Structures are given as structure tokens and as C-alpha cells.
Amino acid sequence: MAQAFSKKRVTSDIKRIYVIIPAAGIGSRMESEENKQFIEINGIPVITRTLNAFKEFAASLFNYGIQLKAVVVTQSEFVFKVKTICKREGFDFVHDVVEGGATRTESVWNGIEALQFFPFPPTDNDVIFIHDGARCLIDQDLLYRCIEGAAHYDVCAVAVDVKSTIKKVEPASEAKKEEDLSKLPPIARLRATSVLKSPSKEEDAPSPFKRPAATPVDVEETPKRNELKEVQTPQVFRYNKLLNSYANALRKNIEATDDTSLAEAMHYKVTLIEGSYNNIKITTPEDITIAEAILKKIDAQKEAES
């Protein structure tokens, strides 16, 4: 993992950094009518928090003669809303807000294409950050570690140690599902297969079987935990490696939720650098509570240091 970073060690060969911020996910797991990018955490929307972090980063980099420009990729119906936020909050480093695609791969590609319309489009050796809009608790030390990583590696990403034991499983086929259910005891089989009816007037209470049981799956293996990492964003590329990785993915119809896996498909070396457990992705309602707890802890630490 990366050693502690000093801001004075910014490499002199990096003059421009481009940031693609995918924020086009529908957020179905959030169980909210509001898109997760606009859900407030302690009164500040998720996307605003993310962009605030990069605004501070851009201002700091300017002192080293490094320019940072960004493009936000979001759903078509939110393009104007995000542009309005950028104007209101003074996010001048955001050069454009563009429409996303049907998948994350397509959305990031739209961001890559948008870079070509910047006043100074990226050249092969320029540095590109890709950072999820929903990872709104990213801090400055982590962003600077990414620069240090970019100074030494063509492709790198932040990651943390896996805390839990992970099982690799073989998803059950439809035939397997039926076979597995047939082996369940009667009450479990009823719970897994019953279709609920609305309670009739004669019924005193609704059925206790509110949802089907999880589909059983077989374990293939248990990887060693010390060989696993949980990958986060930013994921950082030299521009030519990013362009080649995504062009190859689109040509071969490769879908991925992780940018560096597309680089791996090109047999590029991918290096992991030290991430942060605070750098969570807002995905489910529980993540809001976790984010608020993290912010409370950060505020307490700042107060203790002052």
C-alpha cells in the first residue's frame, strides 16, 4: 500500500488533470423517490459534496501549476439541474455536464468523448481521474495519493483491505432453483414459493410469509482474505491507456462496474494504492446513516485538533 503522502511531493511532469464523474445511476437500491445524487447528507446533496471536494483539490493544485477540469455525466433529465448546482456553487472547474448512457461503461465513454471538446483536450500522457459521484466523502489526502500514484503508474486505483470473509459462488440456474426448493421442508418450501393474497375480511392478520426465501447457491471456494482488496474510486489512468481500454470494451461489448477491469482486459498493469474506509459509496438508505456518523467523527477530530 502507498506510504503517507506529502503535498509537497507533487510531481512536476503532471500539468493537467481531467476528472470524469459518473453520476447517471438510477439508484434503485436507495428506495427513494429522490435520485441519490440529490439526497442531502447533513443538509448538503451528495453530488454537491463530491464536487466540493474536487473544488478544494483544484484550488490546491493550482498552487503547483496544475490545472484540473471535470465533466459530470448524469441522466438526461438531470443535466440542467447539475449545471444549475455548478453555477450556484461556483464549480468553475466543471467544464461540462453531459448525458449518460444505458450502462456505466457507456456513461464513462460519454465523459471521455466530452473531453475532446474541452479548450485543451487531453493528450496521451495526461492524467484522468474517474470518480463516482456517489462517493461524496472523499478527502484531500486520498486525492493527493492518487496524484502520487499517477506519477508512478499508468493505471491505478484506490482500495482497502477486505474486512469480511468472501465466498465465491456459482449462481443457481432455474433448474437448480426448482431442485433446491424441492428439497426444502414443507414450511420453508411454502415460504419460498407462495404467492401472497391480500388479507380477506375473515382473516385476522396478514400472512407472515412476506417475501420469498433467498435462492440457495453453492459455494465454489473461499478466497484468502489477505489476497483480496475492495476497490474504490478514484481510478486513475494516463489518457492513452484509458482510451484504449474503453475502445476495446465497446468493440467487444465488455461491461464492467470497475474501470480498471477494462484495463486488465487489455493486459495493462493495474496497481492498487491506499484507499480509505471513509470513502464509502452512497447506495442504500443505510449508507446515509453511516455517512452522517463518519462526518460527525471527522468534525469531532477537527475540533479536538483546533
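As a basis for the values below, the full set of heavy atoms in this structure was taken, side chains included, without hydrogen atoms, waters or symmetry mates. Predicted model, so just to flag it, every value in this text is computed and none were measured. The first residue in the sequence is number 1, and the count goes up from there.
- Residue Asn279 comes nearest to Gln232 through the heavy atom pair ND2-OE1, 3.2 Å, listed as atom of the first residue, atom of the second, then distance.
- Taken from CD1 in Ile128 to CG in Leu243, the straight-line distance is 9.5 Å, to the nearest 0.5 Å.
- Within the 3.5 Å criterion, the main-chain N or O of Ile85 finds no donor-acceptor partner in the side chain of Glu89.
- Taking both residues in full, the closest heavy atoms of Val236 and Cys146 are given as CG2-CB, 3.9 Å, listed atom of the first, atom of the second, then distance.
- Arg145 places no side-chain N or O within 3.5 Å of a backbone atom of Ile273 that could act as its donor or acceptor partner.
- Of the charged side-chain nitrogens involved, none lies within less than 4.0 Å of a carboxylate oxygen, so that Lys296 and Asp299 do not count as a salt-bridged pair.
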Query raised in the report: For Lys281 and Lys36, what are the C-alpha separation, side-chain angles and deciding distance, and is it a side-chain contact (heavy atoms from CB on, under 4.5 Å)?
Result: CA-CA 11 Å; Lys281 186 176 183 180; Lys36 67 179 180 180; 4.2 Å; yes
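- Contacts classified as side chain to side chain donor-acceptor pair (under 3.5 Å) and involving residues 260-271 (residues at least two apart or in different chains) are given here: Gln235-Thr260, Asn244-Tyr268, Asp258-Thr260.
- Within 6.0 Å of the CD atom in Glu40, the count of heavy atoms belonging to other residues, nucleotides or ligands exceeds 12.
- Atom-to-atom distance recorded for Leu242:CG and Ile112:CD1 is 4.0 Å, nearest 0.5 angstrom.
- The NZ atom of Lys87 lies 11.0 Å from the CG atom of Asp92; values are rounded to the nearest 0.5 Å.
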Query - Test log, rule ring pair (Phe, Tyr, Trp, His ring centres under 6.0 Å), inputs Phe78 and Phe38 - result: CA-CA 10 Å; Phe78 298 133; Phe38 308 112; 5.1 Å; yes
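- Atom CD of Glu303 has 12 or fewer heavy atoms from other residues, nucleotides or ligands within 6.0 Å.
- Smallest separation of non-hydrogen atoms from Val46 and Gly133: CG1-O, 3.6 Å.
- Put simply, the side chain of Thr165 reaches to within 4.5 Å of the side chain of Arg225, judged on heavy atoms.
- Under the 6.0 Å distance and 45° angle rule, Lys69 does not count as a cation-pi partner of Phe118.
- Although no hydrogens or angles enter the test, the distance criterion places no donor-acceptor pair under 3.5 Å between the side chain of Thr48 and the main chain of Ile44.
- Checked against the 6.0 Å centroid threshold, Phe93 and Phe57 do not count as a close aromatic pair.
- For Arg104 and Asp132, the salt-bridge test passes: some basic side-chain N is under 4.0 Å from an acidic carboxylate O.
- Ile138 has its side chain within reach of Leu143: a pair of non-hydrogen atoms, C-beta onward, lies under 4.5 Å apart.
- Side-chain contact between Ile147 and Leu61: present, with at least one pair of heavy atoms (C-beta onward) separated by less than 4.5 Å.
- Proximity of Val158 to Thr233: side-chain heavy atoms (C-beta onward) are nowhere separated by under 4.5 Å.
- In terms of heavy atoms, Thr222 sits closest to Ile166 at CG2-O, 3.6 Å.
- Using a 4.5 Å cut-off on side-chain heavy atoms (C-beta onward), Asn52 and Glu56 make no contact.
- Around OH of Tyr277, the count of heavy atoms belonging to other residues, nucleotides or ligands within 6.0 Å exceeds 12.
- Residues Ser76 and Glu99 share a closest heavy-atom pair of CB-CD, 3.4 Å.
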Query raised in the report: Stepwise, does the side-chain contact (heavy atoms from CB on, under 4.5 Å) test hold for Ile290 with Ile280?
Result: CA-CA 9 Å; Ile290 294 171; Ile280 66 170; 3.8 Å; yes
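- For the pair Thr123 and Arg16, the minimum side-chain heavy-atom distance is below 4.5 Å.
- Between Asp126 and Arg238 there is no salt bridge, since no side-chain N of the basic residue sits under 4.0 Å from a carboxylate O of the acidic one.
- Separating the NZ atom in Lys15 from the OH atom in Tyr64 is a distance of 13.0 Å, to the nearest 0.5 Å.
- Using a 4.5 Å cut-off on side-chain heavy atoms (C-beta onward), Val73 and Ile20 make contact.
- By the neighbour-count criterion of 12 heavy atoms within 6.0 Å, atom CG of Asn42 is densely surrounded, having more than that number from other residues, nucleotides or ligands.
- Donor-acceptor pairing under 3.5 Å is recorded for the side chains of Asn248 and Arg251.
- At a threshold of 4.5 Å between side-chain heavy atoms, the hydrophobic network of Ile, Leu, Val, Met, Phe, Trp and Tyr places Phe54 and Ile66 in one connected group.
- Heavy-atom minimum distance, Ile41 versus Cys136: CD1-SG, 3.9 Å.
- The NZ atom of Lys167 sits 12.5 Å away from the CD atom of Glu220 when rounded to the nearest 0.5 Å.
- Using a 4.5 Å cut-off on side-chain heavy atoms (C-beta onward), Asp96 and Phe117 make no contact.
- Of the possible donor and acceptor atoms, none in the side chain of Thr74 sits under 3.5 Å from a partner among the backbone N and O of Val79.
- In terms of hydrophobic clustering, with Ile, Leu, Val, Met, Phe, Trp and Tyr side chains grouped at heavy-atom distances under 4.5 Å, Val71 and Ile21 are assigned to different clusters.
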